[in-house]
**Student:** 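I'd like to ask some things about the structure below.
Along the sequence shown, the residues carry numbers beginning at 1. Predicted model only: the values in this text are computed from it and were never measured.
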Amino acid sequence: RFTDMASLKQQTVISKYTDTAKECIREEPPYVFQYKNSPFIIAYSAKLDNKLTGHRCGERISYSGFIRMEAFSYTVEKVKNITGLTFSTLFIETCNAEYRLHSIMSEVFREENRINLTDTEGRSHSFPANNIVLFISNTSSAASLIIQSYIHLYGIPQISHASSSS
(Lines give C-alpha, C1' and ligand atoms only; values in the text may rest on other atoms or scores of the structure.)
Protein backbone atom coordinates (compact mmCIF):
# COMPACT_ATOMS: atom_id res chain seq x y z
CA ARG A 1 0.00 0.00 0.00
CA PHE A 2 1.33 3.39 -0.99
CA THR A 3 1.00 6.31 1.39
CA ASP A 4 1.91 9.14 -0.96
CA MET A 5 2.26 9.90 -4.66
CA ALA A 6 6.07 10.04 -4.55
CA SER A 7 6.41 6.48 -3.27
CA LEU A 8 3.95 5.24 -5.89
CA LYS A 9 5.84 6.95 -8.72
CA GLN A 10 9.08 5.27 -7.67
CA GLN A 11 7.60 1.80 -8.08
CA THR A 12 7.54 -0.15 -11.32
CA VAL A 13 3.90 -0.40 -12.27
CA ILE A 14 2.92 -3.54 -14.14
CA SER A 15 -0.67 -4.43 -14.83
CA LYS A 16 -2.77 -6.19 -17.39
CA TYR A 17 -3.38 -2.77 -18.99
CA THR A 18 0.27 -1.81 -19.49
CA ASP A 19 0.29 -3.05 -23.09
CA THR A 20 -2.95 -1.18 -23.79
CA ALA A 21 -1.43 2.04 -22.49
CA LYS A 22 1.61 1.54 -24.74
CA GLU A 23 -0.77 1.30 -27.72
CA CYS A 24 -2.07 4.81 -27.03
CA ILE A 25 1.04 6.52 -28.31
CA ARG A 26 0.91 5.03 -31.79
CA GLU A 27 0.11 7.19 -34.80
CA GLU A 28 -2.26 5.01 -36.84
CA PRO A 29 -5.03 4.53 -36.10
CA PRO A 30 -5.16 7.51 -33.73
CA TYR A 31 -7.17 5.58 -31.14
CA VAL A 32 -7.10 2.19 -29.42
CA PHE A 33 -10.04 -0.12 -30.08
CA GLN A 34 -10.13 -3.40 -28.20
CA TYR A 35 -12.70 -5.74 -29.67
CA LYS A 36 -13.87 -8.18 -27.01
CA ASN A 37 -16.43 -10.20 -28.99
CA SER A 38 -19.05 -7.59 -28.19
CA PRO A 39 -20.57 -5.09 -30.62
CA PHE A 40 -21.33 -2.77 -27.70
CA ILE A 41 -18.67 -0.20 -26.94
CA ILE A 42 -17.75 2.02 -24.01
CA ALA A 43 -15.60 4.90 -25.23
CA TYR A 44 -13.26 7.17 -23.30
CA SER A 45 -11.22 10.17 -24.26
CA ALA A 46 -8.35 11.52 -22.21
CA LYS A 47 -5.03 13.28 -22.42
CA LEU A 48 -2.19 10.85 -21.69
CA ASP A 49 0.81 13.01 -22.45
CA ASN A 50 1.52 16.66 -21.74
CA LYS A 51 4.29 16.90 -24.33
CA LEU A 52 2.44 17.92 -27.47
CA THR A 53 4.67 18.43 -30.51
CA GLY A 54 2.89 20.31 -33.25
CA HIS A 55 -0.32 18.41 -33.87
CA ARG A 56 1.12 15.11 -32.65
CA CYS A 57 1.09 13.59 -29.20
CA GLY A 58 4.33 13.12 -27.36
CA GLU A 59 6.13 9.82 -27.32
CA ARG A 60 5.64 8.96 -23.65
CA ILE A 61 2.58 8.44 -21.53
CA SER A 62 2.65 10.52 -18.36
CA TYR A 63 2.06 8.96 -14.96
CA SER A 64 -1.35 10.62 -14.68
CA GLY A 65 -2.20 9.42 -18.20
CA PHE A 66 -1.34 5.86 -17.23
CA ILE A 67 -3.59 6.13 -14.16
CA ARG A 68 -6.46 7.41 -16.35
CA MET A 69 -6.08 4.43 -18.66
CA GLU A 70 -5.94 2.05 -15.71
CA ALA A 71 -9.08 3.57 -14.18
CA PHE A 72 -11.01 3.29 -17.45
CA SER A 73 -10.03 -0.34 -18.00
CA TYR A 74 -10.79 -1.19 -14.38
CA THR A 75 -14.22 0.46 -14.60
CA VAL A 76 -15.18 -1.44 -17.75
CA GLU A 77 -14.10 -4.69 -16.08
CA LYS A 78 -16.19 -3.86 -12.98
CA VAL A 79 -19.26 -3.11 -15.14
CA LYS A 80 -18.77 -6.54 -16.76
CA ASN A 81 -18.54 -8.22 -13.35
CA ILE A 82 -21.70 -6.49 -12.10
CA THR A 83 -23.86 -6.86 -15.22
CA GLY A 84 -22.44 -9.98 -16.86
CA LEU A 85 -22.16 -7.96 -20.10
CA THR A 86 -18.95 -7.68 -22.07
CA PHE A 87 -18.07 -4.40 -23.77
CA SER A 88 -15.49 -3.61 -26.39
CA THR A 89 -13.55 -0.45 -25.58
CA LEU A 90 -12.53 2.60 -27.58
CA PHE A 91 -9.86 4.89 -26.16
CA ILE A 92 -9.06 8.20 -27.82
CA GLU A 93 -5.92 10.12 -26.83
CA THR A 94 -6.94 13.77 -26.99
CA CYS A 95 -3.50 15.31 -26.37
CA ASN A 96 -4.71 18.51 -28.06
CA ALA A 97 -8.48 18.66 -28.39
CA GLU A 98 -8.74 21.64 -30.70
CA TYR A 99 -6.45 20.21 -33.37
CA ARG A 100 -6.61 16.44 -33.07
CA LEU A 101 -10.01 15.40 -31.79
CA HIS A 102 -12.11 16.62 -34.75
CA SER A 103 -9.87 14.61 -37.06
CA ILE A 104 -10.20 11.44 -35.00
CA MET A 105 -13.95 11.75 -34.53
CA SER A 106 -14.54 12.43 -38.23
CA GLU A 107 -12.50 9.31 -39.05
CA VAL A 108 -14.49 7.14 -36.62
CA PHE A 109 -17.85 8.58 -37.78
CA ARG A 110 -16.93 8.92 -41.47
CA GLU A 111 -19.89 6.83 -42.65
CA GLU A 112 -23.42 7.99 -41.88
CA ASN A 113 -25.00 6.07 -38.98
CA ARG A 114 -21.94 3.80 -38.64
CA ILE A 115 -18.63 3.76 -36.82
CA ASN A 116 -15.58 2.24 -38.46
CA LEU A 117 -12.76 1.04 -36.24
CA THR A 118 -9.55 -0.93 -36.54
CA ASP A 119 -8.77 -3.07 -33.51
CA THR A 120 -5.39 -3.62 -31.89
CA GLU A 121 -4.92 -6.74 -34.06
CA GLY A 122 -5.36 -4.71 -37.28
CA ARG A 123 -8.85 -6.05 -38.07
CA SER A 124 -11.50 -3.64 -39.37
CA HIS A 125 -14.93 -3.46 -37.73
CA SER A 126 -18.07 -1.54 -38.68
CA PHE A 127 -20.96 -1.08 -36.24
CA PRO A 128 -24.12 0.99 -36.04
CA ALA A 129 -23.09 4.31 -34.45
CA ASN A 130 -25.40 3.84 -31.48
CA ASN A 131 -23.46 0.71 -30.47
CA ILE A 132 -21.37 3.13 -28.45
CA VAL A 133 -23.42 2.85 -25.28
CA LEU A 134 -21.50 5.46 -23.29
CA PHE A 135 -18.81 8.04 -24.00
CA ILE A 136 -16.76 9.13 -21.02
CA SER A 137 -15.02 12.42 -21.75
CA ASN A 138 -11.93 13.86 -20.20
CA THR A 139 -11.65 17.03 -18.17
CA SER A 140 -11.40 19.37 -21.14
CA SER A 141 -14.67 21.16 -21.82
CA ALA A 142 -13.45 21.85 -25.36
CA ALA A 143 -12.95 18.12 -25.96
CA SER A 144 -16.33 17.27 -24.47
CA LEU A 145 -18.05 19.77 -26.77
CA ILE A 146 -16.26 18.38 -29.83
CA ILE A 147 -17.26 14.82 -28.92
CA GLN A 148 -20.84 15.89 -28.24
CA SER A 149 -21.08 17.43 -31.71
CA TYR A 150 -20.65 13.91 -33.14
CA ILE A 151 -22.45 11.65 -30.68
CA HIS A 152 -25.61 13.64 -29.95
CA LEU A 153 -26.97 12.64 -33.37
CA TYR A 154 -27.11 9.03 -32.21
CA GLY A 155 -28.40 9.55 -28.67
CA ILE A 156 -25.13 8.39 -27.13
CA PRO A 157 -24.86 9.55 -23.51
CA GLN A 158 -21.72 11.42 -22.50
CA ILE A 159 -20.38 11.96 -19.01
CA SER A 160 -17.39 13.90 -17.81
CA HIS A 161 -16.10 14.26 -14.30
CA ALA A 162 -14.87 17.82 -14.71
CA SER A 163 -16.11 19.48 -17.91
CA SER A 164 -18.36 22.49 -17.59
CA SER A 165 -21.38 23.04 -19.79
CA SER A 166 -22.31 25.90 -22.03
**Student:** Looking at every heavy atom in both Asn131 and Pro39, which two are closest together, and how far apart are they?
**Tutor:** ND2-O, 2.9 Å
**Student:** Assess the residue pair Leu85 and Val79 against the criterion (side chain to side chain contact (heavy atoms under 4.5 Å, CB included)); give the C-alpha distance rounded to whole Å, side-chain angles, the decisive distance to 0.1 Å, and a yes or no.
**Tutor:** CA-CA 8 Å; Leu85 300 172; Val79 169; over 6 Å; no
**Student:** Return the minimal non-hydrogen interatomic distance between Pro157 and Ile151, and the atom names on each side.
**Tutor:** O-CD1, 4.3 Å
**Student:** For the CD1 atom of Ile104 and the OH atom of Tyr150, what is their distance to the nearest 0.5 Å?
**Tutor:** 10.5 Å
**Student:** Measuring from Phe72:CZ to Ser45:OG, what's the distance to the nearest 0.5 Å?
**Tutor:** 9.5 Å
**Student:** Taking only residues two or more places apart in sequence, or in another chain, which ones meet Arg123 in a salt bridge (Lys or Arg N to Asp or Glu O under 4.0 Å)?
**Tutor:** Asp119
**Student:** Evaluate the criterion side chain to side chain contact (heavy atoms under 4.5 Å, CB included) for residue pair Ile159 and Leu134; output intermediate values, then yes/no.
**Tutor:** CA-CA 8 Å; Ile159 60 173; Leu134 175 64; 4.2 Å; yes
**Student:** Would you find a donor on one side and an acceptor on the other, under 3.5 Å apart, between the side chain of Arg114 and the backbone of Ser126?
**Tutor:** yes
**Student:** At their closest point, which heavy atom of Ala129 faces which heavy atom of Ile115, and how far apart are they?
**Tutor:** CA-CG2, 4.0 Å
**Student:** Let's go through Ile42 and Ile136 carefully: what are the C-alpha distance in whole Å and the side-chain angles of both, what is the deciding distance for side chain to side chain contact (heavy atoms under 4.5 Å, CB included) to 0.1 Å, and is it a yes or a no?
**Tutor:** CA-CA 8 Å; Ile42 296 178; Ile136 304 168; 4.2 Å; yes
**Student:** Keeping Ser73 on the side-chain end and Glu70 on the backbone end, is there a donor-acceptor pair under 3.5 Å?
**Tutor:** no
**Student:** Under 4.5 Å between any side-chain heavy atoms of Leu90 and Val32, yes or no?
**Tutor:** no
**Student:** State whether the side chain of Asn130 and the backbone N or O of Tyr154 hold a donor-acceptor pair below 3.5 Å, judged by distance alone.
**Tutor:** no
**Student:** Any side chain to side chain donor-acceptor pair (under 3.5 Å) pairs touching residues 78-89, not counting sequence neighbours?
**Tutor:** Gln34-Thr89
**Student:** If I compare all heavy atoms of Ile132 with all of Phe135, which pair ends up nearest, and what's the gap?
**Tutor:** CG2-CD1, 4.3 Å
**Student:** Please report the C-alpha distance between Met69 and Tyr44 in whole Å, then the side-chain angles of each, then the deciding distance to 0.1 Å, and finally whether the side chain to side chain contact (heavy atoms under 4.5 Å, CB included) criterion is met.
**Tutor:** CA-CA 9 Å; Met69 188 67 162; Tyr44 178 57; 5.6 Å; no
**Student:** Quick one: are Ile41 and Val133 in side-chain contact, heavy atoms under 4.5 Å?
**Tutor:** no
**Student:** Anything under 30° is parallel, anything over 60° is perpendicular, the rest tilted; go ahead and classify Phe33 against Tyr35.
**Tutor:** tilted
**Student:** Hey, what do you get for NE2 (His125) to CD (Glu121), rounding to the nearest 0.5 Å?
**Tutor:** 9.0 Å
**Student:** Applying a strict under-4.5 Å side-chain criterion to I, L, V, M, F, W and Y, I'd like to know whether Ile82 and Val76 cluster together.
**Tutor:** no
**Student:** State the CG-CD1 distance between Leu101 and Ile146, to the nearest 0.5 angstrom.
**Tutor:** 5.0 Å
**Student:** Hey, does the side chain of Tyr31 reach the backbone of Thr118 with a donor-acceptor pair shorter than 3.5 angstrom?
**Tutor:** yes
**Student:** With sequence neighbours excluded, what pairs up with Gln148 under the side chain to side chain donor-acceptor pair (under 3.5 Å) test?
**Tutor:** Gln158
